[in-house]
There are 2 protein chains.
Amino acid sequence: MTAPYRRPVLPPTLADVADRAGVSRQTVSNALNNPALLRPDTLARVQDAIAELGYTPNRAARNLRTRSSRLIGLRHPPAHEGTADALMDRFVHSLVDRCRQSGYHVLLFAGDDADPSVGYEELVNSTAVDAFVVTDTFLGTPQTTWLERQRVPFVAFGRPWESPSAKHPWVDVDGAAGGALAARHLLAVGRQRIAWLGWRKDSRIGEDRRSGWTAAVREAGLPTTGLAARVDDTLSSGREGAAMLLDEARPDAILCASDTLAMGALHALAERGITPGRDVAVVGFDDSQAAQLVPGGLTSVRLPLEEVAIEVVAALEGLLARPPMLLPPRLLEPTLRVRGTSAAR
Amino acid sequence: MTAPYRRPVLPPTLADVADRAGVSRQTVSNALNNPALLRPDTLARVQDAIAELGYTPNRAARNLRTRSSRLIGLRHPPAHEGTADALMDRFVHSLVDRCRQSGYHVLLFAGDDADPSVGYEELVNSTAVDAFVVTDTFLGTPQTTWLERQRVPFVAFGRPWESPSAKHPWVDVDGAAGGALAARHLLAVGRQRIAWLGWRKDSRIGEDRRSGWTAAVREAGLPTTGLAARVDDTLSSGREGAAMLLDEARPDAILCASDTLAMGALHALAERGITPGRDVAVVGFDDSQAAQLVPGGLTSVRLPLEEVAIEVVAALEGLLARPPMLLPPRLLEPTLRVRGTSAAR
DNA sequence: ATGAAAGCGCTAACAA
DNA sequence: TTGTTAGCGCTTTCAT
């Protein structure tokens with residue numbers, strides 16, 4: 001049952017490399033961290049020794065010495081079943097990829113939904129990570145205020161809605177621009193009564209997206225009153241909200257705050273025998289897999305998560321540079337993926 | 001009388017705790033790692049000091065000393081756009097959650113798709129992680145054979161298809177059982193001509209799932225010949241494959257190797273005005289968000305990813321225990337989520 | 001049950 | 001340009 005699953009020999013150390021190259025340990029360290037200091041022939045000799053031994057610096061030792069781990073902490077929130085929030089997956093991948101290019105790795109930790117600061121504190125005090133990426137600023141900002149007070153470096157994906165005076169770096173996507181983009185697209189394909197199916201009023205992200213709809217529709221001289229519904233972000237709420245809109249407001253398009261709601265709207269249309277895209281257009285938000293896969297295809301606002309990751313890592317590097325450099329907030333523009341539910345007629 | 005505490009710039013160290021508690025550093029270390037050695041009153045005094053100072057052991061120092069990082073490496077593969085493989089998200093979350101309960105954290109790294117060993121090697125040599133979770137065994141096993149030869153501890157999610165003699169721990173889901181489960185369900189709701197829409201023959205996972213379909217259908221004395229199509233795992237391939245089956249084989253049910261293919265099949269049905277679940281049943285694999293959200297709902301085989309994570313972490317703990325214990329492979333049973341596309345008639 | 005000493009592998013500061 | 005010294009914070013002997 002037991003097996004010798006440990007590596008047979010210990011990995012080579014910096015001292016081994018120094019011996020082999022016939023130089024001191026410090027010279028090897030310099031070859032790694034400050035190669036310009038070495039004479040070319042010495043550098044080459046050291047690099048040969050490194051290659052021959054397959055040497056890689058021991059991270060624990062380096063971390064201990066430099067007081068930095070080159071690890072970025074990211075709380076991995078539970079995926080909500082039955083919703084279309086596969087955003088995280090795309091973002092995490094982009095983040096991991098950009099981090100690699102900067103020599104960082106991503107450390108995932110599970111937070112407590114009740115007390116969001118719980119995971120952060122332990123990782124900070126144990127110097128396990130150099131900084132955090134905080135993604136759930138829509139939950140209010142207990143973490144960010146805590147992190148800020150503790151002077152822990154972090155970059156937020158999401159605006160500090162509750163405390164606009166917060167000075168930490170953040171990157172966000174312009175929801176209002178996305179809402180307007182979608183609304184103008186619907187106007188362009190000939191829709192006149194564009195309804196909004198969104199989240200409850202306490203959602204700042206929801207209100208942001210909604211404001212784009214309001215602005216674009218009014219700009220076209222068309223009505224918004226009586227054409228809005230606010231519900232929870234669930235499939236069934238979306239279906240019920242859309243049903244209500246269809247029965248009471250007679251819209252020819254429904255613009256939704258999320259793909260989850262948009263899929264709910266498609267349910268409502270199907271139940272009434274209404275064809276999406278022909279009779280009533282539907283547009284969602286987030287360009288989820290469901291939007292991409294549903295028969296006919298669901299038009300959706302796509303968040304530029306790859307760009308977000310780039311900006312987040314840039315801000316992180318600024319923060320961790322010496323001296324630290326505080327990059328200004330970045331608000332990125334979403335795009336629109338047009339599919340069958342908003343075909344031109 | 002205790003002295004007033006002022007939060008220092010640097011986190012408190014073990015020596016700070018020792019000073020405050022009036023004991024030696026080693027006693028504090030023992031309080032942490034071997035509390036049974038201490039006299040109850042000493043232990044209490046140390047714990048008080050730890051709490052007062054908000055002390056958390058420095059991970060780098062501990063890692064350096066113990067030669068372990070309590071980090072588990074996980075390669076985060078790129079999410080394929082336009083497919084329903086949101087599996088990873090659910091699995092990662094379960095894994096992170098279980099790891100926390102065992103005092104581990106998950107380190108994400110981006111691999112190179114061309115040379116899958118690239119990320120692993122650096123992390124191993126730098127002792128950045130104690131072990132790996134390998135998820136993409138369906139790609140063949142360059143990583144696993146490499147890891148095994150390097151004697152790096154790892155647990156695979158996925159069988160060693162190419163090398164059944166491999167002795168590393170692994171956890172997998174029984175695809176054949178899933179295929180049979182879905183097929184029997186379709187038989188139970190009165191379907192007689194159950195087609196298979198699967199991947200190409202070189203996919204071991206696909207052949208595994210398919211074998212369950214074959215067995216269950218034959219067991220019922222019904223035909224399988226002429227009722228199978230093999231395509232790539234894309235939406236359009238699924239649509240085309242389903243279209244071919246519908247036109248040439250007249251099935252009353254299509255069992256698919258993935259939700260992506262199943263969504264493609266729904267496209268094909270929609271184009272023909274065929275109602276899923278009434279005229280032709282459709283069942284997918286993986287219980288993706290698309291399956292949960294698509295109007296009518298897509299019946300799908302659900303992988304027990306939470307259980308997989310539990311077993312993976314258990315195997316990991318065995319591997320990292322001293323002496324190491326090699327847990328036997330685990331093959332877990334999937335379940336079926338019945339939705340509208342396979343309603344009883 | 002508690003304490004003293006050593007050292008894990010690395011890099012910052014300084015010396016040569 | 002290269003080498004020497006010191007020490008990051010912790011745990012592992014071993015001694016008391």
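By convention in this document, chain letters (A, B, ...) are assigned in the order of the sequence lines, proteins followed by strands, and residues within each chain are numbered from 1. Atoms considered below: every heavy atom in the structure, side chains included; atoms not considered: hydrogens, waters and symmetry mates.
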*asked:* Looking at A/S126 and A/E122, would you say the former's side chain and the latter's main chain have a donor-acceptor pair under 3.5 Å?
replied: yes
*A/S69 (side chain) donor-acceptor with A/L71 (main chain) under 3.5 angstrom*: yes
_chain B footprint on DNA chain C, 5' to 3' - any atom under 4.0 Å from a heavy atom_ = C/dA1 to C/dG9
_Main chain of A/A15, side chain of A/T13: is a donor-acceptor contact present, judged purely on distance under 3.5 Å?_
yes
*Report yes or no: does A/D16 contribute a side-chain atom to a donor-acceptor pair with the main-chain N or O of A/P12 at less than 3.5 Å?*
no
_Within 45° cone of A/Y104 ring axis and under 6.0 Å: A/R70 NZ or CZ_ = yes
*Going by number, which of residues 46-70 of chain A have a non-hydrogen atom under 4.0 Å from DNA chain D?*
A/L64, A/R65, A/R67
*With A/R39, which residues qualify under salt bridge (charged side-chain N to carboxylate O under 4.0 Å, His left out), at least two apart?*
A/D41
*Taking A/H93 for the side chain and B/H76 for the main chain, is one N or O donor matched with an acceptor at less than 3.5 Å?*
yes
*First and last nucleotide of DNA chain D touching chain A, 5' to 3', heavy-atom cut-off 4.0 Å?*
D/dT1 to D/dG9
_Polar contact flag, side-chain donor to acceptor under 3.5 angstrom, A/Q26-A/N30_ = yes
_To the nearest 10°, give me the bend of the helix from C/dA1-D/dT16 to C/dA16-D/dT1, comparing the axes of its five terminal pairs at either end._
30°
*Using the test side chain to side chain donor-acceptor pair (under 3.5 Å), find all partners of B/N58 that sit at least two apart in sequence or belong to another chain.*
A/T127
*Shortest non-hydrogen contact from B/R75 to B/T135?*
O-OG1, 4.5 Å
_Would the distance check show the side chain of B/R159 and the main-chain N or O of B/V173 forming a donor-acceptor pair, the cut-off being under 3.5 Å?_
yes
_Using the rule ring pair (Phe, Tyr, Trp, His ring centres under 6.0 Å), only one of A/W146, A/F109, A/F154 pairs with A/Y120; which is it?_
A/F109
